[in-house]
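To start, the structure under review is shown below, and the notes come after it.
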Number of protein chains: 2
Amino acid sequence: MTDAQPCIPLSVIRRLTKYLTHVQGLRSRGAEWVSSRELADNLGLTSSTVRQDLSHLDFCGTSRRGYKTCGLYAVLSHVFGADIAWNMVVVGAGNLGRALALHEEFQRRGFHICGIFDSDDRKIGRKIGRLTIQNVRRIPTTIRNNRIDVGVIAVPASAAQRVADLMVASGIRGILNMAQTHIVTPKRVPVVDVRIVATLQELAHAISRIKNKAD
Amino acid sequence: MTDAQPCIPLSVIRRLTKYLTHVQGLRSRGAEWVSSRELADNLGLTSSTVRQDLSHLDFCGTSRRGYKTCGLYAVLSHVFGADIAWNMVVVGAGNLGRALALHEEFQRRGFHICGIFDSDDRKIGRKIGRLTIQNVRRIPTTIRNNRIDVGVIAVPASAAQRVADLMVASGIRGILNMAQTHIVTPKRVPVVDVRIVATLQELAHAISRIKNKAD
DNA sequence: TAGATTGTTAATCGATTAACAATC
DNA sequence: TAGATTGTTAATCGATTAACAATC
């Protein structure tokens, strides 16, 4: 089986995740059809953008009706591997690492956390939900033996690159970086960043601009 | 005092947060100067982009030397209100809400969490760090009396819009949305999203594409 | 001085929007 | 049928990159 769409632009991919979430909700509420206009209105986009985006998929809408929610859901799920089980490890058992390990949303979406690690001896051995915090030295064997796909970096910025290097050397396939720093990997290992503080700063900037207008 | 730069594009703003973090690190390591090339190499950009971005700031570099780290840090801090204290409340005392309330990085960057709320009676009254979980009914008075700037939404998607409406009605200035859904607000109240699951899905897609190449 | 790096202009590239024929 | 909505093309818009004169 080959994918009909060899390369979907990243800007489109990011919106496709929104469609996936929204269509999942529509389906659970029993909606059979959805139009590009409805999707656009609910997600703050234009209907033109939605149609343009969906045209990248191996899936067609119907004139005068829109898109079948079940078909759209299926094809979007496939694009994002939501029909696959992904194995993850979390490195860093601080507040963020703990929250991720306990967050049920991940399990529900097919992302399974198989291990959590820390370098602090006082934390090693403690339990977080059903998981036991392990020594970071055990990362390589865990990644290799359990066919781990994704490594989550939830350590301070100063340790992030070292952890990434270790993950890469151990055969990780992709990295989710929650540390406030840029990480370098070989091209074969994609990295995505979740930058919470940066997002807050972006918000602070936006708020300041509003204020300035009012002055 | 007026800002010389009336409007910096969002794409630039997002990179400016990266420069801010990196320059902060450089300064703490005692570096006095940084060039556009050095910034670019460390953050995965081109030097052209860096110079273009920094030209939006009320700050000039020096030929043959680059940019003074202390000046660059000062002007970037100002753009993102890092020199201001921001007051926040967190709504939702689940794993994510707890993690945010305990995360020290926020305090350090000037984002102070002044309250945490939940609608679950069993959680109300419990402590998270120095904060006590309060009933969501107390959100409006808290926002008003404590001059809260930012509301963090850490509730399930189904409750997110309702919480946002309440925050807006109570005079919040901006919203950080951690829920997996699109939120609508009046234009005067900016919203930024932290979409962790969507980011993971983006990563899953990227990994799948690599795999396909190898096949 | 010679040479490295900025700031800026112009060129390229990509993303979004508008428009409309095709269609059910 | 009439009319709503898709899929797609072309136009617009914005972002990135290349190039280079100015400069210290």
Side-chain angles (χ1 to χ4, degrees), chain A residues 4-19 22-23 26 31-73 75-76 79 182 202 205-206 209, chain B residues 4-19 22-23 26 31-73 75-76 79 182 202 205-206 209:
Chain A
Q5 278 61 37
C7 182
I8 305 177
L10 189 56
S11 57
V12 175
I13 285 293
R14 294 205 170 127
R15 283 190 300 267
L16 291 182
T17 61
K18 299 191 184 187
Y19 305 150
H22 191 73
V23 170
L26 285 173
E32 251 192 274
W33 296 88
V34 65
S35 68
S36 57
R37 171 120 306 280
E38 193 186 335
L39 280 169
D41 290 346
N42 280 289
L43 299 172
L45 307 167
T46 69
S47 67
S48 200
T49 299
V50 173
R51 288 198 299 281
Q52 192 72 270
D53 287 347
L54 298 187
S55 74
H56 286 93
L57 302 174
D58 195 5
F59 177 72
C60 284
T62 305
S63 293
R64 235 174 63 85
R65 301 282 247 140
Y67 305 86
K68 268 209 140 157
T69 53
C70 59
L72 188 51
Y73 177 75
V75 73
L76 285 170
V79 167
H182 180 71
E202 194 186 313
H205 172 78
R209 286 201 43 74
Chain B
Q5 278 60 36
C7 182
I8 305 176
L10 189 56
S11 57
V12 175
I13 284 292
R14 293 204 169 127
R15 283 191 298 267
L16 290 183
T17 61
K18 298 191 184 185
Y19 305 148
H22 191 73
V23 170
L26 285 175
E32 250 193 275
W33 296 89
V34 64
S35 70
S36 58
R37 170 120 308 281
E38 193 186 335
L39 280 169
D41 289 347
N42 280 289
L43 299 172
L45 307 167
T46 69
S47 67
S48 200
T49 299
V50 173
R51 287 196 301 281
Q52 192 71 271
D53 288 348
L54 298 188
S55 75
H56 286 94
L57 301 174
D58 195 6
F59 177 74
C60 283
T62 305
S63 292
R64 234 174 63 86
R65 300 283 247 140
Y67 305 86
K68 267 209 139 157
T69 52
C70 60
L72 188 51
Y73 177 75
V75 70
L76 285 170
V79 167
H182 179 71
E202 194 186 312
H205 171 77
R209 284 200 45 73

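Just so we're on the same page: letters track the sequence lines, and every chain starts at 1. All figures in this text were calculated on a predicted structure; none of them were measured in a lab.
Here A/T49 does not reach the OP1 or OP2 of C/dT16: none of its side-chain N or O atoms lies under 4.0 Å away. Phosphate contact (OP1/OP2 of D/dT6, side-chain N/O of A/S36, threshold under 4.0 Å): present. An OP1 or OP2 oxygen of D/dC24 is reached within less than 4.0 angstrom by no side-chain nitrogen or oxygen of B/T62.
Donor-acceptor pairing under 3.5 Å, judged by distance alone, is present between the side chain of B/S48 and the base of D/dA18. Side chain A/S63 to base C/dT23: a donor-acceptor pair is found below 3.5 Å. Taking only distance into account, the side chain of B/E38 never meets the base of C/dT5 through a donor-acceptor pair shorter than 3.5 Å. With hydrogens and angles ignored, no donor-acceptor pair closer than 3.5 Å exists between the side chain of B/Q52 and the base of C/dT8.
The shortest distance between side-chain heavy atoms of B/L43 and B/V50 does not fall below 4.5 Å. Within the 4.5 Å cutoff, the side chain of A/F59 has heavy atoms near those of the A/L72 side chain. The shortest distance between side-chain heavy atoms of A/E38 and A/L26 falls below 4.5 Å.
B/H182 approaches A/N42 most closely through the heavy-atom pair CD2-O, 3.1 Å. When every heavy atom of B/V75 is checked against every heavy atom of B/L57, the shortest pair comes out as CG1-CD1, 4.0 Å.
Rounding to whole angstrom units, CZ of residue A/R37 and C1' of C/dT17 are separated by 12 Å. Following rounding to the nearest Å, B/L54 (CG) and D/dT17 (C1') show an atom-to-atom distance of 16 Å. Between B/I13 atom CD1 and D/dT16 atom C1' there is a gap of 17 Å when expressed in whole angstrom units. Look at CG on B/L10: it is 16 Å from C1' on D/dT16, rounded to the nearest Å. Protein atom NE2 of A/H56 is 12 Å distant from nucleotide atom P of D/dT9, rounded to whole Å. Between the CG atom of A/D53 and the P atom of C/dG14 there is a distance of 17 Å, rounded to whole Å. Distance A/W33 CH2 to D/dA4 C1': 13 Å, rounded to the nearest Å. When the C1' atom of D/dG7 is taken as reference, atom CG of A/L72 falls 15 Å away, rounded to whole Å.
Within 4.0 Å (heavy atoms only), B/R15 reaches sugar-phosphate atoms of the nucleic acid but no base atom. Contacts of A/R65 with the nucleic acid, taken as non-hydrogen atoms under 4.0 Å apart, involve only primed sugar atoms and P, OP1 or OP2.
Nearest nucleotide to the B/R51 side chain, out of C/dA15, D/dC20, D/dT8: D/dC20.
Nucleotide D/dC20 forms a pair with C/dG7, judged by Watson-Crick or G-U wobble geometry with both contacts under 3.5 Å.
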